[in-house]
Each structure stands twice: as structure tokens, then as C-alpha cells.
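Values reported hereafter were calculated over all heavy atoms of this structure, with side chains retained and with hydrogens, waters and symmetry mates removed.
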Amino acid sequence: MARAMPQPSFFKRLFSHDVAVDLGTANTLIYTHDQGIVLNQPSVVCFQKHAAIGRERVAAVGKEAKQLLGRVPVNLEAVRPMRHGVIANFAAAEHMIRQFVDMSSTRTRLGRRPSFTICVPAGATQVERRAIREAAVAAGAWKVNLIGESLASAVGAGLPVSEATGSMVVDIGGGTTEVGVIALGGMAYSGSIRVGGDQFDLAIVNYVRNVYGVVLGDQTAEHVKKTIGTAIRDVPTERINATGRSLDDGLPRTVQLTNHDIAEAIASPLAHVIGAVKAALESAPPELVTDIADAGIVLTGGGSLLGNLDRCLSDQIGLEVRLADEPLTCAVRGAGAASAVLDPHAFD
Ligand code: ADP
Ligand code: MG
């Protein structure tokens, strides 16, 4: 169950129409105080090309478009507009945000345009931040506040962000891992690496190609990871069949993979994630590190659902590690509640 989120004051609710947006590399979520999560869709948009008139139109977004990734007919193109938490394809991002805002019916309420609070990775540059603002304004936002993803995730995970005690949150998304140390309503340390669930999928594709001579699609690799993936090897064996294209003859071939295969396949991106957490513990102010040693580390983001990741991190770092409740929705719920618990300077 999600924790009860702090609510904005009565007057703020009366006069403003606040919408929180988590524009993730893998998934986009939209949240309002009144209705909770009003949209949760893969960050994918599919265009149909009209060769005759030289224009494109949006054929599908979200779940429908994700099903088309890697299997589109010639006149369609499925695009993931976000890479590593920032906009990689501006036109596609703008179309996608506009469609999602329409689907969530948050464009206007009682004639007022929404004010967006959008999560951004700590590593996003000024240019990347401006691109996100502009895409949101084009999608109908009246005002845009940006909030660091770690801070939003920490609020969403129910950590005591406003207190002097330091908290550490590790958000593992599709294309980034964000490590944040939070105290007194602000970031005392933030680190961001461009490694997340996508890099785990890619590592599985590479491993299966090298070891079994079979090329899997990205979505097959993701399915394998979600079904039997494990971060540690000393667990009972689990198996799954996966079908790809044989390197020998180009024909479809099914291979049986074990969870131990997956642990080996993802060892390298996983080491980067562990390295980012260690770097944060080495660089954060010593007093806060003492607090974190007492309170432990909280994991959020979809990547944190990888089997035994909490145990793996805990073994490697020697601290208690726990998974947040509903890790996939922490950031957007936190962004929605942030204005009620944080000072205005926490926003950009
Ligand atoms: P983002 O914020 O970047 O959009 P999310 O927090 O939505 O990312 O997480 C998406 C990532 O989480 C994807 O790479 C997805 O494969 C991964 N993921 C989701 N569920 C699981 C699971 N059960 N096991 C492992 N990885 C998972
Ligand atoms: Mg995220």
C-alpha cells in the first residue's frame, strides 16, 4: 500500500491545478492530488509516415506503441523519445506528452491550465532541462517546475526529507540510476549514472548472442529479466525459454536460460550501479553517512524490482537496503506531494 501523501493547503487546491509528471526513459506517469495516478504508460510513440504528403502522424502512444517496438511495418516508426532520463527526440517527446496529457484529461480543469511539476535526473544539463520545459509548455502547461528525481522519489518513499537526518535513496530507472542523499529538504549529494534497466536488457541480449549464438529482441530480454532475473547467483535455479534468431542460419531458435545466466549477463551494469552507491557513500558529508548507516538505503524505480537486488547491494555495501513500497510510482507521487513538504528552493 502507498503511504498517505501530504496534501497541499485548502487554498492552494482551490486556486491551482497541480499535475505531477514523471517523464521517464521507460514509463511516463501523471498524478494529481484529487485523482492519484491518472496515467501510467510506456514512454513510446509510434509515427505513421505519409510518403505522398511527406508528413508524419502519431499512430499510437504508450502501451499500444510499445507493442510495436521492434516489429513495425515499413510505413510505421516506433520511437522512444527519452534516453537516459532526458529528451533525445524533441518532436517525438512533444507529441507523446501532448497525447498523454489528453489521455489523462488534465489539460484544463474549470478552464485553468495545469501547472506541471516534472522530475528530472540530477545529471540533466541546462539545455536538457529547457527542452523538457518547452515540451511541457507545448503540451499545454501554464507553468513548469522541475524537481530532482531523487528528491521526488525520497518524498514518494516516505523518507524524512525535511529533517536534519540524512537519507539515501537509489532510483534505478530505464536509462539512469540516481543516487541521492537528502537532508533538510535538499540534496546533500546527488549522483547520476547512465545505467539502468535498459542496460541490463542489452547485457542479456549480448550474453545470449555470445554464449548461445541467438539474437533476442529487446522486449524478450526485458521479459526474461523481469521473470527470472536475479542479482545474485547463490539462489535455486529457475528456467525460462526464450526465442530469437540463430546466428548460424538466421532461423528462429528457442534457448533455455537460467537465472544464473542472467546474473552473469548483467554483472557488468550491476557493478556500475553498486559503484555509484559506493561513490555516494564516499563523497557524502560524514555526519549524513552515519545517519544512512543507521537508517539504511531505500531503493526506488522499476529497476529495483530485479530479483535479490536489495540483498546484493546489502552484501556489497554492508548496510541495510530495503525496497520502497510501489517503487515504480514513487517519483511521481513524490513530485505531486513535494510542494507541500519542501521549500520553493527545492524546485528549479
Ligand atoms: P523510468 O523512470 O526511467 O521510466 P522506471 O522506474 O519506470 O524507469 O523503471 C523501468 C525499468 O524497470 C525498465 O528497465 C524495466 O525493465 C525495469 N523493471 C520493471 N519491473 C521489473 C522487474 N520486475 N524486474 C526487473 N526490472 C524491472
Ligand atoms: Mg524514473
Side-chain angles (χ1 to χ4, degrees), residues 24-27 40-48 59-80 82-84 172-177 194-274 301-312 323 327-328:
T25 306
N27 297 298
N40 185 355
Q41 294 273 345
S43 304
V44 186
V45 55
C46 184
F47 292 101
Q48 183 164 31
V61 287
K63 289 191 185 86
E64 226 180 293
K66 187 175 180 186
Q67 283 170 356
L68 295 170
L69 265 185
R71 57 175 70 165
V72 285
V74 279
N75 65 332
L76 289 179
E77 189 191 9
V79 180
R80 292 180 59 184
M82 309 298 291
R83 276 271 169 269
H84 303 298
I172 307 171
T176 47
T177 294
R194 298 197 158 195
V195 175
D198 288 349
Q199 284 64 44
F200 292 170
D201 301 345
L202 194 63
I204 293 171
V205 172
N206 288 336
Y207 176 90
V208 175
R209 189 181 49 223
N210 295 338
V211 175
Y212 295 95
V214 171
V215 182
L216 299 182
D218 294 348
Q219 298 210 51
T220 305
E222 184 185 28
H223 175 71
V224 168
K225 172 188 73 176
K226 287 185 180 178
T227 313
I228 61 161
T230 173
I232 51 178
R233 293 164 207 222
D234 63 336
V235 287
T237 308
E238 285 180 55
R239 293 183 172 81
I240 190 171
N241 285 339
T243 303
R245 191 174 54 228
S246 165
L247 281 177
D248 286 341
D249 52 14
L251 294 175
R253 207 174 110 208
T254 301
V255 285
Q256 190 179 67
L257 301 173
T258 68
N259 50 350
H260 301 122
D261 282 321
I262 307 309
E264 195 172 331
I266 64 173
S268 167
L270 190 58
H272 279 104
V273 170
I274 295 166
S304 68
L305 291 166
L306 177 73
N308 303 305
L309 182 60
D310 46 355
R311 226 183 94 190
C312 171
L323 204 60
L328 279 156

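Here CZ of R194 is found 10.5 Å from CD of Q199. Values are rounded to the nearest 0.5 Å. Annotation: the span from D201 atom CG to K226 atom NZ amounts to 8.5 Å, rounded to 0.5 Å. With values rounded to the nearest 0.5 angstrom, D198 atom CG is found 9.0 Å from T176 atom OG1. Going from atom CD1 of I274 over to atom NE2 of H272 covers 11.0 Å, rounded to the nearest 0.5 Å. Atom-to-atom distance recorded for D218:CG and L69:CG is 8.0 Å, nearest 0.5 angstrom. To the nearest 0.5 Å, atom OG1 of residue T227 and atom CD1 of residue I240 are 4.0 Å apart.
When all heavy atoms of G196 and I172 are compared, the closest pair comes out as CA-CG2, 4.4 Å. When all heavy atoms of K66 and E222 are compared, the pair lying nearest together is NZ-OE1, 3.0 Å. Across every non-hydrogen atom of S304 and L309, the tightest pair is CA-CD2, 3.8 Å. Q41 approaches K63 most closely through the heavy-atom pair OE1-N, 2.8 Å. Minimum heavy-atom separation, V44 to R80: CG2-CG, 4.0 Å. Scanning all heavy atoms of the two residues, the minimum distance from L270 to F200 falls at N-CE2, 3.8 Å.
Under the 4.5 Å side-chain criterion, counting only non-hydrogen atoms from C-beta, N40 is not in contact with L328. At least one side-chain heavy atom of D234 sits under 4.5 Å from a side-chain heavy atom of R311.
A distance-only check finds a donor-acceptor pair linking the side chain of H84 to the backbone of G175 [under 3.5 Å]. The backbone N or O of V235 sits less than 3.5 Å from a side-chain atom of H260, completing a donor-acceptor pair. Between the side chain of K225 and the backbone N or O of G197, at least one donor-acceptor pair lies under 3.5 Å. Side-chain atoms of T177 come within 3.5 Å of backbone atoms of V195 as a donor-acceptor pair (strictly under, hydrogens ignored).
Within 6.0 Å of CD on Q219 lie more than 12 heavy atoms contributed by other residues, nucleotides or ligands.
Using a 3.5 Å distance cut-off with no hydrogens or angles, the side chains of T230 and N308 do pair a donor with an acceptor.
With sequence neighbours excluded, no residue forms a side-chain hydrogen bond (donor to acceptor under 3.5 Å, both in side chains) with T237.
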Listed pairs under 3.5 Å, donor-acceptor, residues 203-214 side chains, sequence neighbours left out:
from, atom 1, to, atom 2, distance (Å)
N206, OD1, R209, NH2, 2.9
N206, ND2, L202, O, 3.4
Y207, OH, D261, OD1, 2.8
N210, ND2, N206, O, 3.2
Y212, OH, D261, OD1, 3.4
Y212, OH, D261, OD2, 3.0

